[in-house]
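We count ligands from 1, going down the list as the structure has it; atoms in each ligand are counted the same way.
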Amino acid sequence: MESYRSLEKNTQGQPYSVVSLAKWRILNRLHDRNETLYYRVLIDNIKDFAPIIYTPTVGLVCQNYSGLFRRPRGMYFSAKDKGEMMSMIYNWPAQQVDMIVLTDGSRILGLGDLGVQGIGIPIGKLDMYVAAAGINPQKILPVMLDVGTNNQKLLEDPLYLGLRQPRLEGEEYLSIVDEFMEAVHTRWPKAIVQFEDFQMKWAFETLQRYRKRFCMFNDDIQGTAGVALAGLLGTVRAQGLPLSDFVNQKIVVVGAGSAGLGVLNMAIQALSRMSGNNEMAAKNKCYLLDKDGLITKERKNIDPAAAPFAKDLKDVEGLREGASPFEVVKKLKPHVLLGLSGVGGVFNEEVLKAMRESDSTKPAIFAMSNPTMNAECTAADAFKYAGPNIIFGSGSPFEDVDLGNGKVGHVNQANNMYLFPGIGLGTLLSGAHIITDGMLQAAAECLASYMTDEEIQNGILYPSIDSIRHITAEVGAAVLRAAVEEDLAEGHGEAGPRELKHMSKAETVAYVSRNMWFPVYSPLVHEK
Ligand SMILES: NC(=O)C1=CN([C@@H]2O[C@H](COP(=O)(O)OP(=O)(O)OC[C@H]3O[C@@H](n4cnc5c(N)ncnc54)[C@H](O)[C@@H]3O)[C@@H](O)[C@H]2O)C=CC1
Ligand SMILES: CC(=O)C(=O)O
Ligand SMILES: [Mg+2]
């Protein structure tokens with residue numbers, strides 16, 4: 001910590017990229033040298049270190065990974081390993097693996113295709129699993145599926161560590177993922193595989209293909225959706241309205257990719273439950289935009305995943321196919337404007353000023369894209385242009401904003417880190433062999449009800465990252481209980497299905513907390 005603090009002191013005024021990469025190097029060296037100590041300082045200083053090992057710095061690390069590379073971490077399965085993956089999996093030295101984060105590097109944060117350099121994301125996500133969920137670091141496995149890259153710059157970079165070929169497509173691609181999933185399942189049938197940062201077409205396709213066969217989920221589609229839903233429900237409470245008023249909120253989502261569509265799907269499921277299974281009414285309140293603007297039924301070559309949300313032009317009077325975010329906000333006066341576009345600055349001054357006319361007393365702006373440069377707007381601009389009354393959330397951290405007269409504009413970190421560790425931990429301890437919508441919904445509801453009314457009134461929708469272990473234990477327990485209710489909990493370790501079934505809510509939280517690993521040195525000689 002002394003060397004970290006002196007680095008901070010000695011690099012004041014230097015560019016963000018230089019300072020944050022230097023910080024990452026200090027932590028990475030410690031990670032290689034002394035795992036127990038690394039996780040201990042990570043847990044004790046999570047607020048300072050999450051932005052280094054996770055977003056935003058992890059983005060910069062991935063962009064520069066081939067140059068930063070010193071030692072391997074995790075496993076790489078390449079297209080050339082076809083037919084060998086089963087023996088490769090059996091070569092992994094740990095007896096047991098509980099949690100795998102898998103990527104193919106095709107959509108790393110909002111930074112696009114980074115090929116094998118995307119391995120930084122599974123490493124960072126699994127560090128959060130250890131820090132937040134107390135998964136034993138000996139039982140985690142970051143995995144890169146190297147199926148090539150379409151990033152020309154990387155293909156020409158002499159330092160690039162991956163296969164120098166264009167990405168595999170179609171059946172060739174799927175056969176690689178299939179082989180990997182079968183191999184993992186054979187050796188560790190209960191290991192949970194988190195799919196992370198896959199480009200949209202494969203994100204949806206693999207989720208559909210595997211979710212009923214393997215214990216897996218897609219964090220960008222499902223984890224993000226739960227965090228966003230908790231945020232949306234929070235904004236209803238912040239307006240002093242009962243949760244049932246959620247059905248009256250107008251929601252504009254900018255970005256129709258895996259994350260944006262995941263959010264809309266989950267929000268619409270929740271809305272239709274609240275409005276007596278009236279899915280039509282729920283959909284009417286949600287508007288979706290992509291790089292070509294408002295998606296309507298007039299759209300040519302509409303993506304099948306976005307089609308269910310396309311608006312009939314007669315239902316959006318005064319708006320046209322492809323209307324810009326500004327036109328949409330100006331016309332609709334939405335309660336919530338949520339960005340998952342991956343494009344920095346899409347919520348510009350004009351769009352943010354239009355949010356001043358929102359029908360909500362506390363309009364919500366979520367600029368959820370990562371890393372910081374890709375956020376749809378900064379926190380300072382949001383409060384400056386949309387007004388001091390807004391609720392603000394961003395995917396990467398921003399400082400709270402000084403609004404003058406002692407008032408503070410609170411910044412929420414609307415990031416799936418509040419859910420994925422609990423989803424993984426709860427599933428693991430339940431012993432369920434699949435992850436259902438019910439388990440994910442329980443996770444979202446747990447996060448949504450975690451904050452007090454007073455905090456919510458002050459614009460605070462999510463807990464501080466300092467309490468991430470606590471919220472993760474609660475989320476984990478909620479997921480475990482949902483698995484029990486669905487008769488999926490087969491038990492794990494000391495607790496069989498009967499024990500799990502008979503645990504009260506409080507006992508489940510205590511059970512989950514008890515099973516979280518904490519970094520202490522193990523004695524070399526056991527005392528008698
Ligand atoms: N805060 C969080 O927890 C999470 C944040 N994200 C972020 O969300 C972003 C998007 O991720 P995915 O949905 O997986 O990407 P994606 O590539 O599947 O989708 C991006 C979408 O944005 C649209 N888009 C592009 N330019 C646009 C523009 N100028 N205006 C409006 N829409 C535009 C595209 O048409 C596409 O529909 C990334 O930056 C990622 O870091 C993703 C998951 C979780
Ligand atoms: C947070 C996250 O999963 C993403 O930006 O992709
Ligand atoms: Mg992601």
Side-chain angles (χ1 to χ4, degrees), residues 50-51 54-56 58-59 62 101-114 118 120-122 124-125 128 194-205 207 217-231 252-266 287-295 299 301-303 305-306 309 322-329 337-348 351 366-377 393-398 412-421 423 447 462:
Y54 193 61
T55 185
V58 73
C62 289
V101 178
L102 171 74
T103 189
D104 69 356
S106 55
R107 191 288 276 148
I108 294 299
L109 307 178
L111 304 169
D113 180 351
L114 294 183
I121 293 291
K125 291 265 174 187
M128 293 301 281
Q194 170 167 328
F195 278 59
E196 192 69 49
D197 289 9
F198 282 71
Q199 58 181 312
M200 170 160 124
K201 61 176 177 181
W202 295 129
F204 283 111
E205 171 108 21
L207 181 60
F217 70 106
N218 183 296
D219 181 40
D220 299 293
I221 300 174
Q222 298 168 299
T224 314
V227 169
L229 179 60
V252 171
V253 175
V254 179
S258 42
L261 291 173
V263 170
L264 265 190
N265 273 317
M266 195 166 194
Y287 303 81
L288 181 62
L289 286 78
D290 69 358
K291 62 178 181 344
D292 299 317
L294 179 67
I295 301 181
R299 177 69 65 97
N301 300 326
I302 190 165
D303 193 298
F309 309 106
S324 70
F326 170 68
E327 289 171 285
V328 172
V329 170
L337 175 64
L338 190 151
L340 280 162
S341 66
V343 180
V346 166
F347 298 166
N348 56 24
V351 174
F366 292 94
M368 287 179 70
S369 290
N370 298 313
T372 315
M373 288 287 286
N374 298 62
E376 283 73 13
C377 63
S394 55
S396 297
F398 282 98
N412 293 285
Q413 194 174 351
N415 190 295
N416 50 30
M417 70 181 181
Y418 282 116
L419 285 190
F420 71 76
I423 295 171
L447 180 61
Y462 306 110

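Using a 4.0 Å cut-off to heavy atoms of Arg107, the atoms of ligand 2 that qualify are 6 (O). For ligand 2, the atoms sitting less than 4.0 Å from at least one non-hydrogen atom of Asp197 are 6 (O), numbered in the order shown with element in parentheses. Close approach of ligand 2 to Lys125 (heavy-atom distance below 4.0 Å) involves ligand atoms 1 (C), 2 (C), 3 (O).
Among Asp290, Ile221, Leu340, Leu289, the residue whose heavy atom lies nearest to atom 31 (C) of ligand 1 is Asp290. The closest non-hydrogen atom to atom 4 (C) of ligand 2, taken over Asn374, Leu109, Asn218, Val227, comes from Leu109. Between Ser341, Pro371, Ser106, Ser396, it is Ser341 that holds the heavy atom closest to atom 22 (O) of ligand 1.
For Glu196, every heavy-atom contact with ligand 2 shorter than 4.0 Å involves the side chain, none the backbone. Counting heavy atoms closer than 4.0 Å to ligand 2, residue Asp220 contributes side-chain atoms (C-beta onward) but none from N, CA, C or O. Counting heavy atoms under 4.0 Å from ligand 2, residue Thr224 does not touch it at all. When heavy-atom distances to ligand 2 are checked against a 4.0 Å cut-off, Ile121 has no atom that comes that close, whether in backbone or side chain.
Every heavy atom of Val227 sits 4.0 Å or more from the atoms of ligand 1. For the pair Met368 and ligand 2, no heavy-atom separation below 4.0 Å is found.
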Yes or no on side chain to side chain contact (heavy atoms under 4.5 Å, CB included) for Leu229 and Val263, after CA distance, side-chain angles and deciding distance? CA-CA 7 Å; Leu229 179 60; Val263 170; over 6 Å; no

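Distance check for Asp219 against the Mg ion (ligand 3): none of its N/O/S atoms falls below 2.8 Å.
With hydrogens and angles left out, the side-chain atoms of Asp197 and Thr103 include no donor and acceptor closer than 3.5 Å. No donor-acceptor contact under 3.5 angstrom links the side chains of Ser106 and Asp113, judged on distance only.
In terms of protein heavy-atom proximity, atom 1 (C) of ligand 2 is nearest to Asn370 ND2, 3.3 Å.
For Asp197, the N/O/S atom at the shortest distance from the Mg ion (ligand 3) is named OD1. Asp220 contributes atom OD1 as its closest N/O/S atom to the Mg ion (ligand 3). The atom name of the N/O/S atom in Glu196 closest to the Mg ion (ligand 3) is OE2.
Not one N or O of Tyr54 is nearer than 3.5 Å to an N or O of ligand 2, by distance alone.
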